[in-house]
Amino acid sequence: MFPHPTTVTPQSPPPARSSRVSFSSPSPAGAAFVTSSRSAVASVSLPTGSALAPEISCNEVQGAAVRMSSSSTAEGERSEFTEVVVVRHGETTWNASRIIQGHLDAELNEVGRQQAVAVAHRLSKEAKPAAIYSSDLKRAAETARTIAKICNLPDVVFDPALRERHIGDVQGLTLQDAVKEKPEAYKAFMSHKRNKQIPGGGESLDQLSERCVSCLYSIVEKHKGERVILVSHGGTIRELYRHASPTRPLHTKIHNTSVSVILVSGDTGRCIVKMCGDTSHLQATSVLENAFGGDKSSA
């Protein structure tokens, strides 16, 4: 059971220069990435001291789609799967300034709102989902509400288990400032040890994985054979991908409002990555090439 969220109002970040890139339509890759069975997951509480107490390279092209193999698309097999559409939130001012957000509650900026509208229109042209779930942090919540409105969906279901990783003492700092001001927390944040917690109430990667994967299967259990949308954060989406495709590390960025699709069997736990990091809907807007998300790798 997660605690009721407490809103943290971030201070206005300093202005920063950032480069923007526009993306053309992605190039498809040919293979499906499959897990043989569901990994054991357990419900966990958010770490103490919390302010508020899903590597992908489908190929080397950013935003590339992955097509399922023909053997994975047979109707009899597809019927057991829930189609989970995972969307990263739109851009925030803190993304643009490369400030580490974690559980701090930054809002979308104007570009982020445009991105949310763009991904919403994209999804409105696809099969209608049965439900939409979202992290309760503002940047994800506003993105989800925009999608729900344009897609004419029921109310968004907010779940703290879909939040970004809690990043402890480095939250609210740039990486450059974190090195100087919070060296131990910075070292823990940059560590590849999955059981390493971050000083200041931060989560380990294992803790993040346990809560978001548990949440994924809880949602799938409620929507067997249906299509659902999850709006979440860069670090969380990476962990969902890692669970779904443990032998294929993710080497590309999870850009703001990028779309990933994972087929999940509630009966067997089997996962098929159908698409990852697609940004084709952003041709008329832009994404930040050097934006910084909730983990050390995401855009």
Side-chain angles (χ1 to χ4, degrees), residues 22-33 54 56 58-59 61-70 72-75 77-90 108 112-135 140-157 162 216 219-220 222-233 236-237 240-241 244-245 252 254-266 271-287:
S22 296
F23 285 93
S24 57
S25 299
S27 301
F33 308 149
I56 277 179
C58 301
N59 58 22
V61 179
Q62 291 175 333
V66 177
R67 295 179 296 190
M68 291 181 294
S69 63
S70 58
S72 299
T73 56
E75 283 303 316
E77 186 173 359
R78 283 177 61 89
S79 62
E80 72 172 283
F81 286 97
T82 299
E83 186 174 51
V84 183
V85 181
V86 186
V87 180
R88 188 187 173 200
H89 63 80
L108 297 183
R113 294 186 177 98
Q114 292 174 15
Q115 293 171 340
V117 170
V119 73
H121 280 297
R122 171 209 175 128
L123 296 173
S124 72
K125 299 172 185 175
E126 300 176 1
K128 187 171 182 177
I132 179 168
Y133 292 79
S134 175
S135 158
E142 183 176 353
T143 303
R145 289 191 181 103
T146 299
I147 293 170
K149 180 178 180 180
I150 291 176
C151 293
N152 193 27
L153 298 177
D155 291 341
V156 180
V157 180
L162 291 172
L216 172 68
I219 291 170
V220 167
K222 298 173 185 175
H223 298 282
K224 289 184 178 181
E226 297 181 328
R227 175 179 167 95
V228 295
I229 297 173
L230 271 59
V231 181
S232 192
H233 307 263
T236 306
I237 294 170
L240 292 176
Y241 177 86
S245 185
T252 194
I254 303 297
H255 287 284
N256 294 111
T257 70
S258 62
V259 175
S260 302
V261 180
I262 305 173
L263 304 182
V264 185
S265 170
C271 297
I272 300 172
V273 177
K274 183 179 176 183
M275 177 184 294
C276 58
D278 185 75
T279 55
S280 56
H281 54 281
L282 294 178
Q283 293 180 43
T285 60
S286 63
V287 295

Donor-acceptor under 3.5 Å (Arg227 side chain, Val84 main chain): no

Partners meeting side chain to side chain contact (heavy atoms under 4.5 Å, CB included) with Lys149 (sequence neighbours left out): none

Shortest non-hydrogen separation from Ala120 to Thr146 and the atoms involved: CB-O, 3.9 Å

Those residues that, when tested against Lys125, pass side chain to side chain contact (heavy atoms under 4.5 Å, CB included) (two or more places apart): none

side-chain hydrogen bond (donor to acceptor under 3.5 Å, both in side chains) partners of Ser134, counting only residues at least two apart: none

His281 side chain vs Gln115 backbone, donor-acceptor pair below 3.5 Å: no

Lys224 with Glu80: basic N within carboxylate O range, under 4.0 Å: no

For Gln114, side-chain hydrogen bond (donor to acceptor under 3.5 Å, both in side chains) partners two or more places apart: none

Heavy-atom pair of closest approach, residues Ala148 and Pro154: CB-O, 4.1 Å

Expected output: side-chain Arg88 to main-chain Ile254 donor-acceptor under 3.5 Å: yes

Side-chain donor or acceptor of Lys128 paired with backbone N/O of Asn152 under 3.5 Å: yes

Spacing of OG1 belonging to Thr82 relative to CD1 belonging to Ile219, to within rounding of 0.5 Å: 10.0 Å

Pairwise distance CG(Leu108) to OG1(Thr257) - rounded to 0.5 angstrom: 10.0 Å

No-hydrogen, no-angle side-chain donor-acceptor test under 3.5 Å, His89 and Ser232: no

Heavy-atom closest pair, residues Ala116 and Val119: O-CG1, 3.3 Å

Min side-chain heavy-atom separation Ile229-Val87 under 4.5 Å: yes

Heavy-atom pair of closest approach, residues Ala140 and Val231: O-CG1, 3.6 Å

Non-neighbouring partners of Arg145 that pass side chain to side chain contact (heavy atoms under 4.5 Å, CB included), sequence neighbours left out: Ala141, Val156, Phe158

Glu226: salt bridge (Lys or Arg N to Asp or Glu O under 4.0 Å) partners, not counting sequence neighbours: none

Gln283 side chain vs Ser280 backbone, donor-acceptor pair below 3.5 Å: yes

Atom of Val228, atom of Pro129 and distance for their closest heavy-atom approach: CA-CB, 4.1 Å

Heavy-atom side-chain proximity of Val85 to Leu123 below 4.5 angstrom: yes

Sidechain-backbone polar pair: Thr143 side chain, Gly90 backbone, donor-acceptor under 3.5 Å: yes

Atom pair CD/CD of Glu83 and Glu126 - distance to nearest 0.5 Å: 8.0 Å

Reported SG-to-OH distance for the pair Cys276 and Tyr241, which is rounded to 0.5 angstrom: 5.5 Å

Partners passing ring pair (Phe, Tyr, Trp, His ring centres under 6.0 Å) against His223 (at least two apart in sequence or in another chain): Tyr133

